[in-house]
Each structure stands twice: as C-alpha cells, then as structure tokens.
Amino acid sequence: MKKLLFVIGTCILLAAMPISISVSTPTLKIGSRLNKILSSQNPEIIVGPFLQPNDPPEWANGEFTGVWGLDIWGEWHIPAGWMFGYYKRDTNWGYFYAGFADFEVENATWFIQGYFLGPFMFGSLGENEYANDTLFVGIGRYNETDYHWRLMGEIGPTFFVEGEHTKY
C-alpha cells in the first residue's frame, strides 16, 4: 500500500511540475509575502530583499554559500558568481532564501527563493523586489555538507548552483 501511494504521489508531482510552469502566477506577490515574513521576524537582516551573512533569521536552521553559473550542454563548471543564503529543512522538505551576484560585485543584486522536496526544487528568482522575477524548477542532490542543483527558469538559460551548507 505504501509503495502504491508513493508511486501515485510521484506521478502527480512529475505531472504537476511542467503544468505549474505553464501557468502564470503572481510571483511578485509571493516574493513580497516572503519578504514580509522574513523582515517581521528580524528586520535588520534584510537590505532591500537580500539577507545579510552575519545575522541568521529566526526561522533558519542552516546556511549555505557557493557559486552559480551557466549550465551549457550539461557542463556545469562555468562559474559566474557567488551566492549566500539561509534554509529551513526537515528531512527532505524545506525552503530557502538567498542573494547572489557576479564575482566582481560585492553586494547581492539578485535573489532566489523557493522550496525543495527531496531532489526537486521550485521557486522564483529575480533582480530585486521591483523587477520582474521568473519561476524555476530544479533537480539536484545534497548531502551533509555539499549541494549541487541544476535550475531551469521559465525564461533564460539553464543554471547550476553548488557549494557547501552548514546546519545549525
């Protein structure tokens, strides 16, 4: 019975992911809502929509750092910048919020936020709270110290993010 429920749940998840990308959602409202939640718990951690690396939010039970870049023809070692963020994870389910930028830029100029469920990730990324953002889905892996995800947005190229994470 458990195997049957697992197979049905997996089929629903795999069918829902492409369908959810084709349906336009108000991602700016989602981002604004998450920013309100984050800033209400600890207002000094956000500069615009971005987190600061010195003071983790109350909801976080871990942080991550790493690099991001273009994923061309399945080759993911073309790094373009850095990223930093926080996550809350319970076994295989969790959510995250991060800022990222090019290597030569000191402050985060973009953000990424969303949820992960086992090897799947979905959410939105954008330039700032006033610019348009796009939805993405991803697939990847993580262990006790490292992570690697391949992300495909509603528009734009395919990206990778990889690095290290630390659980509090």
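Owing to the predicted nature of the structure, the values given are computational and were not obtained by experimental measurement.
Considering all non-hydrogen atoms of both residues, A108 and A101 come closest at CA-CB, 4.0 Å. Counting all heavy atoms, side chain and backbone alike, K167 lies closest to R89 at NZ-O, 3.6 Å. Nearest heavy atoms, E63 versus Y168: OE1-OH, 2.7 Å.
Classified by interplanar angle (parallel below 30°, tilted 30° to 60°, perpendicular above 60°), the ring pair F122/W93 is tilted. Using cut-offs of 30° and 60° for the angle between ring planes, the F116 and Y142 rings count as perpendicular.
The CD atom of E154 lies 4.5 Å from the OG1 atom of T134; values are rounded to the nearest 0.5 Å. Here the OH-OH distance, from Y86 to Y95, works out to 14.0 Å after rounding to the nearest 0.5 Å. Rounding to the nearest 0.5 Å gives a distance of 11.5 Å between CZ of F159 and CZ of F136. Summarising the geometry, atom CG belonging to D71 is positioned 11.5 Å from atom CE belonging to M152; distances are rounded to the nearest 0.5 Å.
Residues T158 and L70 form no side-chain contact, since every pair of their non-hydrogen atoms from C-beta on lies 4.5 Å or further apart. Proximity of V67 to F100: side-chain heavy atoms (C-beta onward) are nowhere separated by under 4.5 Å. Counting only heavy atoms from C-beta outward, the side chains of L151 and W68 never approach each other to under 4.5 Å. Within the 4.5 Å cutoff, the side chain of F120 has heavy atoms near those of the I139 side chain. Side-chain atoms of Y115 and M121, non-hydrogen and from C-beta on, never get closer than 4.5 Å to each other. Between Q113 and S124, the closest side-chain pair of non-hydrogen atoms falls below 4.5 Å.
Under the 4.5 Å side-chain heavy-atom criterion for Ile, Leu, Val, Met, Phe, Trp and Tyr, F111 and W59 are members of the same hydrophobic cluster. Linking Ile, Leu, Val, Met, Phe, Trp and Tyr whenever their side-chain heavy atoms come within less than 4.5 Å puts F103 and F160 in one cluster. One hydrophobic cluster holds both L117 and V137 under the rule that ILVMFWY side chains link at heavy-atom gaps under 4.5 Å.
At least one donor-acceptor pair closer than 3.5 Å links the side chain of W82 to the backbone N or O of D102.
The side-chain hydrogen bond (donor to acceptor under 3.5 Å, both in side chains) search around Y87 returns H165, not counting sequence neighbours. With sequence neighbours excluded, the residues satisfying side chain to side chain contact (heavy atoms under 4.5 Å, CB included) with N143 are T145, D146. Under the side chain to side chain contact (heavy atoms under 4.5 Å, CB included) criterion, I8 pairs with L4, I12, sequence neighbours left out. The side chain to side chain contact (heavy atoms under 4.5 Å, CB included) search around F6 returns T10, not counting sequence neighbours.
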Under the side-chain hydrogen bond (donor to acceptor under 3.5 Å, both in side chains) criterion, do E164 and T65 qualify, and how do the steps go? CA-CA 6 Å; E164 298 178 344; T65 60; 5.3 Å; no
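For Y147 and F64, the gap between ring centers is short of 6.0 Å.
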